[in-house]
Each structure stands twice: as C-alpha cells, then as structure tokens.
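Just below is one structure, and these are the notes that go with it.
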Protein chains: 4
Amino acid sequence: MDFDIKNIDLAPGGRHRIEWAEQEMPVLRGIQQQFTSDRPFAGLRISACMHVTTETANLMVSLQAGGADVVLSASNPLSTQDDVAASLVSHYEIPVYAIKGEDNETYFKHLNAALDHNPHIVMDDGADLVSTIHKSRRNLIDNMIGGTEETTTGIIRLRAMAADGALQFPMMAVNDALTKHMFDNRYGTGQSTIDGIVRATNVLVAGKNVVVAGYGWCSRGIAMRARGLGGNVIVTEIDPLKALEAVMDGYRVMPMMEAAAIGDIFVSATGDIHVFDEHHFMAMKDGALLSNSGHFDVEINKPALEKLSTNGPKRVRPFVEQYTMKHNGHRLNLLGEGRLINLAAAEGHPASVMDMSFAGQAMAAKYLIDNKDKLENRVYTIPQEVDQEIARIKLDAMGIYIDTLTAEQVAYLNSWEEGT
Amino acid sequence: MDFDIKNIDLAPGGRHRIEWAEQEMPVLRGIQQQFTSDRPFAGLRISACMHVTTETANLMVSLQAGGADVVLSASNPLSTQDDVAASLVSHYEIPVYAIKGEDNETYFKHLNAALDHNPHIVMDDGADLVSTIHKSRRNLIDNMIGGTEETTTGIIRLRAMAADGALQFPMMAVNDALTKHMFDNRYGTGQSTIDGIVRATNVLVAGKNVVVAGYGWCSRGIAMRARGLGGNVIVTEIDPLKALEAVMDGYRVMPMMEAAAIGDIFVSATGDIHVFDEHHFMAMKDGALLSNSGHFDVEINKPALEKLSTNGPKRVRPFVEQYTMKHNGHRLNLLGEGRLINLAAAEGHPASVMDMSFAGQAMAAKYLIDNKDKLENRVYTIPQEVDQEIARIKLDAMGIYIDTLTAEQVAYLNSWEEGT
Amino acid sequence: MDFDIKNIDLAPGGRHRIEWAEQEMPVLRGIQQQFTSDRPFAGLRISACMHVTTETANLMVSLQAGGADVVLSASNPLSTQDDVAASLVSHYEIPVYAIKGEDNETYFKHLNAALDHNPHIVMDDGADLVSTIHKSRRNLIDNMIGGTEETTTGIIRLRAMAADGALQFPMMAVNDALTKHMFDNRYGTGQSTIDGIVRATNVLVAGKNVVVAGYGWCSRGIAMRARGLGGNVIVTEIDPLKALEAVMDGYRVMPMMEAAAIGDIFVSATGDIHVFDEHHFMAMKDGALLSNSGHFDVEINKPALEKLSTNGPKRVRPFVEQYTMKHNGHRLNLLGEGRLINLAAAEGHPASVMDMSFAGQAMAAKYLIDNKDKLENRVYTIPQEVDQEIARIKLDAMGIYIDTLTAEQVAYLNSWEEGT
Amino acid sequence: MDFDIKNIDLAPGGRHRIEWAEQEMPVLRGIQQQFTSDRPFAGLRISACMHVTTETANLMVSLQAGGADVVLSASNPLSTQDDVAASLVSHYEIPVYAIKGEDNETYFKHLNAALDHNPHIVMDDGADLVSTIHKSRRNLIDNMIGGTEETTTGIIRLRAMAADGALQFPMMAVNDALTKHMFDNRYGTGQSTIDGIVRATNVLVAGKNVVVAGYGWCSRGIAMRARGLGGNVIVTEIDPLKALEAVMDGYRVMPMMEAAAIGDIFVSATGDIHVFDEHHFMAMKDGALLSNSGHFDVEINKPALEKLSTNGPKRVRPFVEQYTMKHNGHRLNLLGEGRLINLAAAEGHPASVMDMSFAGQAMAAKYLIDNKDKLENRVYTIPQEVDQEIARIKLDAMGIYIDTLTAEQVAYLNSWEEGT
C-alpha cells in the first residue's frame, strides 16, 4: 500500500482518538451500519481531499464500510493530525497522503497522489480536487460519477464553472443541507463562540451587556446562548426584517455607535468588513472585550485599533491583546487576534456537529450513485429527503421517535391542497 | 352617498373604537402619513371586501388619505361591527355595505354594490370580489389595475386561476409577506393561543406538561410562550427536520401516543385532521385540556370524543365542555368546541398584529400602482423591499434605529460575492 | 339545620362549580382522602369565616370529611357566591350564613351565628372571629383549641394581641407557608398579572419594554412572565441587593425616571405609595399602559394623573381609562383603575393556587389538634414539615416522584455537620 | 523587609497578571478608592493567610491603601503563584511568606512568620491563623481586634470554639454574605460548571438530557445554565419543596433511578455522598458523562464504577476517564476524576466572582474597626448593610443606578407596618 505520512508509530494514539470521536458521531455511525449491509460503493473508488482529523477518519471508515476503495489527502497543510493519518494507514488500511506542516509542493504532490487513485467520486473541501481534474487531469473525467463539496467558497467556484458550461460532472453542495446549517451555524457556532470568549477571558457572562453584530443564523445562535448565560443582549443589524425579529425575540436593537458605549462584550458574525470600526472603539468602555466569529478576521478593524492605541497591544492573557486608547486611556481587549474565536480559543465545532456535516457528505455520495444516470453536470443542492433522512437517523440515535401521518391525514392534506 | 348599514346612530361608539385601534397601528399610521403627502391613489377607486372591524376601518381611512375613492363591503356576514360601519359612513364619508347577520342574498347584493363602484383596485379576503368580476362582471376587467388578497385560501384559488390562464389582472398575495408571518403566526398566534387557554380555564401554566402538536411557525410560537409561562413543553411532529429543531431548542419530542398519557394541556396547530384522535383520548389523564389553534375545527376528533364519553359533554365553564370517558371515568375538557381557541375564548389577534397585515395591504396596493405597466396577470408575492419597508416603519414607530452599510462594507460584500 | 342564605334553589349550579374547582385542587383532594380515613376532627366543631367561593366550599367539605362539624360565615359581604352557599347547605349539609351584598348588621349577625356553633377551632380571614371572641364572646375561650388565619393583615393584628399577652389560644399563620408564597406570589401573581394586562388591552407583549417596579417575589414573578412572552423587561428597585440580582438575571435595571421615558407597559408590585408619580407621567411615551399588582391602589398616583390631564379620563375599553397629558398631548392608559390588575381584569388566582393556600389551612387545623397540649397562646408559623408535606402531596398529585436519602447519605450528612 | 518567596525575578510577570485581575475587580477597586481617602486601617497591622493569587494580591493592596501594614502567608502550599508573591514583595512592598510546593514544616514556619507581625486583625481561609493564636501564640490575643474567615469549614470550627467559650476575639463570617452566595454559588458555579463540562468533552449541550442532582443554590445555577445552552434539564431532589420549585420552574423532576436511564450529561452538586451510585451506573446509556460540582469528590461512587467496569478506566481525553460496563458494554465517562469539574477542567471562579468575596473580606475588616468596642467574642454574620453596600458599589461599577425611597414612601411604609 502506498501512502505518505509523518510517522506510522503514532497510530495507537490516533486510533484512540478516532474511537472517541466515533462515539460522538451517532448519525455517521447509523449510516455506516446501513452502508455495511447495503454496500452502495462496492467496486467504486473515492478520493477525498479533506482536513485529516478524527472526524474525517470516521467518514473515511464509513465509506470503506460501504464498499468504497478510499484514499485521503489533506485539504490544508496545517490541519493534519499525524496520529490520525498513521492510524488510518495502520489500522484501517486507508492510504493517506498528508503530513502536518507540509510545504506547497508536497501539498500538490499529495493531492495528485489522491487522484492517481483514479476515482469515481471525489470529496472536496475547497474544490481543489475538482479544479485539478478540470485543469490538468482531464483524462480522469470519463471515469467520474461526480463529487461532493463541503465549503461555501468551493461551491461558489463550482457554480461559476457550471454557469460557464465548464463543469464536467455533477457536484453535490453539502454545505446547503438544512441539517448542516441547523447544527453548524445556529447551535454549533452559538455555543462554541461563547465558549471561546469564556476560555479566553474567564469572564462571567451574567449581567454583562453583550453586543452581537448581526442576526443571521450564526449571530442569533450567539445571541441565544449569551442570553442563556444571563447576558443582556444587544443586537445590531442593517436589515430591518432581521432587526424586527430580534426585537420581537426580546432583545434590544440599536445602532452600533450607541451599543459601543454600553457594551461589555462584543461579538461580530456578519461576514462583512469593519463591523467594529474606529469611531466605535473611541466610544467603548474601559475593559471592553472584542471578538469575532465570522470566517475572516476583517470584522474588527485591527489597523484602526492599532492606530488609536498608545503603543502596540499588550498580551495580558493567552488569546487576549490589550490596546490602551490614546484619547481616554480605556483598555480594549482583542480576543484571539480577531480570528474566529471558537477556533482560536476553544476547540471549534464538537464532533457531534461534524457528525451532521459528514452525514451529509456520506449521503451525498450515496445520492450520486443512486441517481448517476439522471444527474446533469451541475451543482446540486442536497435534496430535502436526504436532509430528512439525516434528521431521522439523528433522532433515532438520540432515542427519539416521532409520528407519521395516518392515511386519513394524508388524504385530508391532499384534498385541501387540491380543493378549497 | 349610497350605503347600506344597520343604524347610523351607532356612529359615535364606532369612532371611539376606531381611534383606539389606530393607536395600536403605528405602521399603518406611518404609511397613512406618507400617503397623505404623496397621494398615490389620487383619482383611483378602490373596492374592498373585508371584515368590517376597527382595524379594517383604519386601513380604509389610510387609503382615503392616499387619495383613493373607497367603498367597503363585508367579507363575512357575521364579523361586521355595525358601529364601525356607521362611523365610516358618518364620520369618514366612506360608503359601507354591511350589516351584521345579513343573509346570503344581501351578502351578494352588498358585494355587487361594492363592484358598482367601478374599481381600479380590489382588496379581497377570500377572493369573492375577484371571482365575481371574472364570472359575472367581466365588463369591469378593462378598468382594473389589479387587486390584493389576504388569505391563503384565496391565494390558492387565484393561483389555480392564473395557472389556467383565466386571471385577467395582477393580484398581490399579501399573506406571503414575512412581516405578516412573523407577527401573525409566530408571535400573534403564540401569545393569543395561550391567552385563550388561560381565559377559558384560569389554569396555571407553570409546572404543567403542555403538548404542542406541530413545530411550524404557529406551533413554535405556542411552544415558546407555553415555556415562557413555566410550562414543560412536549412537541410532536411528523417531519424529522422540524422534530430535530424542536429537540435542539430544548423541548421533549415524542409520538403523540406517548405524549397523550402525560400531557396536562394539549394544543394542535398543524392544519391536519384528527391530530388528537380516539386512541389518544383513551390514554389521557383525568382533567386533560384539549384545544385547537389551527384554522379548521377538525384537528380534535370530536365525534370520537363524543362516542367514547358516557353521555354528551357537560358545560363546566364558558368555553369548556367536559367529556367523561366510558372506559376509565377520566374527564377530558374540550376548549372552545375545538375551534380556534384564540378567537373562541380570547380576542384573536391584537390590533398591533393586524397593523402589520394591513400595512402589507396598503403597500401592496401602492405597489400595484407603482408597477402597473410592468405587471402580468398573475399572483405576485410581496417583494422583499416592501417587506423591508414595513419592517423599517415598524421599527421607526417603536423608536428603534439600526445601522446601514458603509460604502466600504458594500464594496467588500460585492467583491466577495463576485470573486473569492 | 339552621342557615341564612339567598336562595336554596341556586344549589344545582353551585354544586357544578364546586366540582369543577375540586378538579383543580388535587392537594386539598389528597388531604381530604387522608382525612376521610384518619378522621382527625372527629367530634370537633369548626367555625370558619371566609370568602364563600367554590374553593372555600372544597375546604369545608375536606374538613367535614375529617370528621369536623363545620359552619361557615362570609368574611366579606361582597365576595359571597350565593349558589355555592346554597349547594353547601343543600348537598353537603353544611350550615352557611352568607348573602351576597348583606349589610353590616347582617354581616355581624352571621359572624355571631358561626360562633353560636361553639367551636373548638376557628378559621379566620382577617381575624374577625378571633376579635369577636376576645371582645364579646369570651365564654367560648375555654372550649377553644386554636385557630388559623389566612391574611397578612390578620396576622399583624394577632401578633399585636400576642405581644400584649391578650391572645387566649394559639393561632396558626397560614400566610407564612413557603408553599403559599411560591404559588401565590411568584407563579400565581406572575401569570395572572400579565394575564390581566393582556385581557384589559389585547396588547402583544413581544418586543415591548415592560417596566416592573420592584424585584420581590411578586414582581420577579411578573418580570419572569413578561420576559417569557417576549417582553424586554426593565426592573426598578430601591434595594441594591435585589437590584443586583435582577441585573445578574439578565434584566436592565435603572431609576424609574429613566425607565419612564422608554417603557411601553408599566407594572408596580412594591407595597409602597406613588411608585409611578407626577414626574414619571410627564416623561412617559404616548400610549403607555399603567397597571398595579400591589394590594392597595396607591402605587399609581391617580390624583397626579388626573391633575396633569386635559380633562377627566376617557374610558376607551373596559378596564382602560385614558388620560391625555396637558403638556405634550400624550395619552396614558390606566388599567383597572389602578387596582390589582389580576383581579380587576382577569380572574385572580387560579383554583390550583388556592389549592395550596387551603391545603395550608387544612394542615394547620390538623396541626392544632395534633399538638394541642404543647402549644402556647401565641402565633405559630406553619412548621417546615407541614410545608414539606403539602409539597409532597402536590408532587404526588402531579404524578411526580422524588428520591429519599439512603442510610449512607444520612450518615454522611450527619458526620459532616458534626465533624470537620 | 523580611520575606520568603521563590524568586524575586518573577516579579514583572506577576505584576502584569495582578493588573489584569484588577480590571475584573471593580468592587474591590471602588472599596480601595474609599480606603485610600478614609485610611480606616491607619496604624493597624493585618496578617493574612490566604491563597497567594492575583485576586488576593489585589485584596492586600486595597488593605494597604487603607493604611494597613500587611503581611501574607499561603493558606495552601499548592495554590501559591510565585510570580504574584514576587511582585507583592518587589512592587508593593508587602512581605510574603509563600513558596509553591512548600513542605508542611515550611508551611507552619510561614504561618508563624505572619503572626510575628503582631497583628490587630487576621484574615483566615480555613482558620489556621486563629487556631494557632489560640493554641500556641496566646500572647497575641490582647492586641487583637478580630478576624475574618472565608470558608464554611473554617466557620464551623470557629462556631464550635465560640460555643465552648474558647474564642478570644470576634470573627466575621465572610462566607455568609448574600453578595458572596449570589455570585459564587448561583452565577459563578452555574456558569463555570457547564464550562468545565464543555472544556472536558467539547460536547454540544443543545438537545441533551442534562440531569442535575439537587436544586440548591449551586445546582439551580447549573440547571439554569444548562437550559440556557439548549439542554433539556432533569432535576432530582430529596426535598419536596425544592422539587416542587423545580417543577414550577419548568424542569422535569424524577427519581435518579429513572433519570439515570435517559440522561446524557450528569452533574451532582448536593454535598452528599454517592449521589450517582452502583444501580444508577447499571442503568445508564452508552456514552453518558458523569461530573461533580460539589466540594468533595464523593458524590460519584468511583469504587462502584471501578468495580462494575471491565478493567480500569481508559483516559480518552484530558479530564475524561472511560469505564466500560461489564454487564452491557456501555461506556461511562467520568470527568475530572469526579472532582469539582469547574476547577478540574476550567479555571474555577472568574476574578469578577472573587471580587465580591474579597469585597466582603475588606468590608468585614473595616466593620471590625468601626465596631471594635461593641463586638463580643463570637462569630458574626456580615451585616445586611455591608452586603447592601457591596451590592451598591458593584452596581456603581457597572454604571447602574437605582431609586431611593421618597420621604412620602418611607412614611407610608412605616405607617403600614405600625398601623393596620
């Protein structure tokens, strides 16, 4: 078996951690059991390019259980867990091409090694496999059934390719599944963001004014959890509909300039730039905590913060840089350098959240097989029935059962939709 | 001026009540002020067929302030408030054709009187004006700019007409506005349903097991409010996604058969038939309260309840009929005869909720005028910008201000949507 | 059998209503079952002077089930329900002396008729029976075992008597039980106050600024429920400890003068005078709603409101008087004339709340019997074990079971208290 | 200046951290400002025996600002932060006798060095200074004004001494202050316990069944926060009053044996032994998380867990030991070895919580001075006015202002308490 990893001796520790993650991934486990008996991927090759983590390891194992011949390369040189790579090779006989800290050249060598596998299906996290196939490995196209893509960024790229008629096989947009959003954005980001703030500062949330910028899925998750810990939440918005919803949900809503002067803890999750900006910093109270939960570290205007402060930031705790304002001496504390606070200061999403996303990956791959003759060369949203199936397995895993419509009820609904 | 109402002497009392409602309708008031200066309906005739209530009166006055020549007939013979009709005629010089309790013949005579007005725009609540025009008053069609429709039922009818190519002018589906759903379904129904249950029974909600059937907009509003009063809420669902969301929101989720045995208060808001059925009644505890918040009184299987009980129901309080079960002597209490409990035992939606719906009506009418040359003969959803405008006026009326994107932020968002 | 009531023919309707209340009083029902088998009052006479309501009727029946020979007179001429009086006489053979609207002379005649019963125990609601015995019926003293008192006012009187050495038999202060406070003040007043406001105005609470004066048991119940309905709650206090607790519970806390300018709904439950006063009215927004949930109607300074307004109040809805301010034209709405809003506009406490209070009455009476040789002539608080017994019966009635300490756990706790 | 610390060169880092803590201690800062101007301890010597942490450093500095001549020794050999000790000596000129990891002999040498200071006041954390004075340094007694004690354990010891007539000077029981309980137990323990569980496991709380043993101040704080993160909370109790309160607060209440079978996360905070015991473990689901938030690690029966499992525990994550049950293969995860989870896996109480406790210490010391001629040789509870003063300073520090009674209101309250 060919592979390229750091050190095979790390395998035992990796196995240990893969097994722990497996316990927190009941949905994927349920799917794996189904795959084990149905063998939907029998005779098929899958090449994946994803973060080499304990959760991904469980996804690989599930695909393997479904009959797939799987290989894995890293989607990011920094996120590889070398012990996991070692265990996949050693205990699960899955070839891995990934070494933590690998240089760019090695990264592409690994990516191509994964493609040398001559896949029927690719699993992508940023569209690198698909791009490479279309650019330099076009001979692989004929053999391809399709692929899955995890990220928003990747999906934007793929949609652009499809719009240009360039896409040569169907792709499943795993990111769009409701079960992913529900867990990942609202509940996952909600809890882990507050968790990151508390770990960085050890602050008591109860009684604090918590200013949440935005009222989208992520930010309403954050608002909900900040309130749940006793915080007095203030929401800022630019969309009147979302603002009104925040009001009706019992939050205070006001312009950021007004919130700046009374907030104790600030969190931004808008996807936009400079949500906390120069004039806001000038109005803030001594001791204010500034954090970001958006994807890029642009939501807090760090250069402005630097400019307004007497000198560079002072590291006062791990993950806390303190800026002293020239004009009034107030100390503003920037958490996690303005990067995603749940990743910077906490552990990011729990395995149980990745469970839902990767269930989407596994089901999307199966959907490609089940519908291979019907699909066109475009980007597909996860169909509602797949979403519902994931939700159903999750409920089962939690030991929760629900009702089904009676024949009488189905008939009534139909008559109503048809009739008056 | 022509009109047909019960008694013009009732006008003073009606005016009084119209003015009280006006205070609770700040959005419509804001729109009225804009209409007063812009006069968008100058020279236009509007015929409305709606419930003749204090809230509708305020809508009529707003349209009049916008320059419209308005007439009003009743959309339901039973809902007419005769004092409001009198005041509209006497104080506002708006012709009304509506008498509470009028017979079917009079109802259609009134409806046709409204059409005799030769309208440019119709406002419908059940599509009766539009149907009549298409069936028997087709000479009016040429003059028509379009119409608005309040109800789901009416919209289904209109969509069927449009699909058949029968619809002869554009119609606005007011019901679809987000600002309507947000207030009407989630917050309006949520509060008023629990209100209806408490008024009917004077029960203390804290510590009770409250079983809510469904987790759509209405039912999640009900669940939220029942929890807000200290109830321990159990949700039942048939859709695994919604069920999962209920679980993640911290509710218990289980099949109705299981919930039946432990619930103290039951509410259904599913839109389906026999949600509480024979086998559920047989499992319920002594003293259980049964209520419905769905549109039709079919969600509770009343014939089954009747059949299982020792004799007919006993009226034990206003709005409470008690059935004693043959098989175990348990007393099940049916509230408001299984009809919409918020209307049966409380006052239905507050004026502040109708404010949002009628703001949608007024804005939809203006949208018809503003776009009259562009619209086709089909059913239009309220455009997002109208929804946002309503939300903006509502926020203004509440004294709440929000942010706007800076030029830098707009540029950033655009660049991101275009490139990576 | 001697009695004096309005009309014996009203009995059937009364019985009906007594039975409905009985369903909502599971604790009293549990006690009644125990009394039925234990007969603690066998051979004893009890004279009660209480509001003649359906709930009181159930208390009387429970005492009778315990073997007591019971008579009942009205504690307030206005609160007598004549049908209940008739049913007690007719169906339960309990002598009643009470006619709704009776004059003062009749009231005392009835009270003395109750004392002619030569009681061993008296049940008082305002200390009238006990006062009369001590003033003019001292020959009854020798026979007395003791009495129970429901109200704070009565207890203050009795404590004064005890302090002067005047009290001639032991009295139980039923009002002090924790089970009474928990239900009555926090959960009972909390729900019923908001209920009263909603019934009076049909206002949507979600998104409103609700100003709650005070953070005692009643007012924190109100704050909790206002938040539960989506209100944004502001608390005002004069005690820094309670204010801090409100802050830590996530509420905004500020001086009333500041709250006055932003509140939509105002509620006072402080027990003090002029909580909403002249300068507050001058700052309030147009449309503000003013309500009181304290015992006396002094918390809102009505004379000041009158003085500031252009003319007398205008009744704009039942239970809503509108005052238009001279200085700015704002319309302030006084609910229920500033009286206890849960009684004025709603139904006061649910039977399930009275259930706990009357369970206290019944258990207090039993406690007098059980300890008759040990008690001194003073006012006794309900002992903790009685409180716990009431709570236990309530839990049983709700089908809720709890743990008991193991022998090992008892030993551990004891060793800890004794040792280190 | 005499002192005994690890390394004076650590001072700069210590100063840094002391200043960070100072920002989170606004109440102590407020008191320090008052002390700076009032100099209540001018000419007095204070010997403290406390954990040498950044928070304690701030307390020492505050006392010094009040004019006291302060020395500090460690109350626990393991909790000393050597950099803080160095900074106190170097920057604040406060003698410190504390070295992390010091042996028992050194510990007592240090304690005696603190007493060599010949104090007027002692500050104790476990009563070691007071014991030593009474046992072997009785010559110090004459000079003593009194002391303060932080812990429950210390207070029990002191009360025993007072009861025996052995206590030779007055002691203030700082632990009993309401402001301490409110922050420490309810809000502090509530947040930090859930924080500890999340850090140990990275579990998503939303949708999980969280079983909280007990409904005292700590456990109701935990329940509140678990619900706030979307957990479905089950409470177990042995006290029917507390159980009933939990029910009325909307939680499920049931015996532990029943909860054991459905819980995902278990937390105990009862102060009793074996709250989670053998028969509970046998019923638990695969993957259950077991944690303790009580003072001692006896609440989870670890020997029983050991006995029931196939082999010793397996460390599956830092702070997580996994036991596999012999009888059914379920994996139960013990967090933090059953020790206080908020200290084991998180950072314990935030500085803002210690702020309140140490404000109590400072105010208690001042109270001793202010009342030195009136106090007897017994244990005093913190007087309500001191508690209120702490709350007032905390509110000030948060920028929150509250009302004061008007003369009219004071008069009304008095008349009511005196009169009817």
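Please read these numbers as outputs of a predicted model, since none were measured by experiment. Just so it is clear: chains get the letters A, B, ... in the order the sequence lines come, proteins before strands, and each one is counted from 1.
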Less than 4.5 Å to any heavy atom of chain C: does that hold for the side chain of A:Leu204, its backbone, both, or neither?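 Just its side chain gets close to chain C.
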
Quick one: does A:Gln191's side chain have a donor or acceptor within less than 3.5 Å of a partner on A:Gly188's backbone?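 The answer is no, because no donor-acceptor pair under 3.5 Å joins these two groups.
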
Where is the tightest heavy-atom contact between A:Lys394 and A:Pro26, given as atom of each residue plus distance?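 Minimum heavy-atom contact is NZ-CG, 4.3 Å.
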
Take A:Phe276 and A:Phe266 through the test ring pair (Phe, Tyr, Trp, His ring centres under 6.0 Å) and record every step on the way to the result. CA-CA 9 Å; A:Phe276 303 128; A:Phe266 293 84; 5.6 Å; yes

Would you mind reporting whether A:Tyr401 and A:Arg392 have side-chain heavy atoms less than 4.5 Å apart?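 A side-chain contact is absent here, since even the closest heavy-atom pair is not under 4.5 Å.
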
Is it true that the NZ or CZ of C:Arg331 lies under 6.0 Å from the centre of C:Tyr323's six-membered ring and within 45 degrees of the ring axis?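 Output no; distance or angle outside limits.
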
Please determine if C:Glu299 and C:Arg339 form a salt bridge, counting it only when a charged side-chain N lies under 4.0 Å from a carboxylate O.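 Not counted as a salt bridge, because no side-chain N and carboxylate O are separated by less than 4.0 Å.
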
Looking at A:Glu321 and A:Lys302, is there a salt bridge between them, counting it only when a charged N and a carboxylate O are closer than 4.0 Å?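 No salt bridge links A:Lys302 with A:Glu321.
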
Only heavy atoms, only distances under 4.5 angstrom. Which residues in residues 205-223 of chain A are near chain C?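 Heavy-atom contacts from residues 205-223 of chain A to chain C are A:Ala206, A:Gly207.
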
Relative to chain A, which segment of C:Arg252 carries a heavy atom at a distance below 4.5 Å: side chain, backbone, both, or neither?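 The answer is both parts of C:Arg252.
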
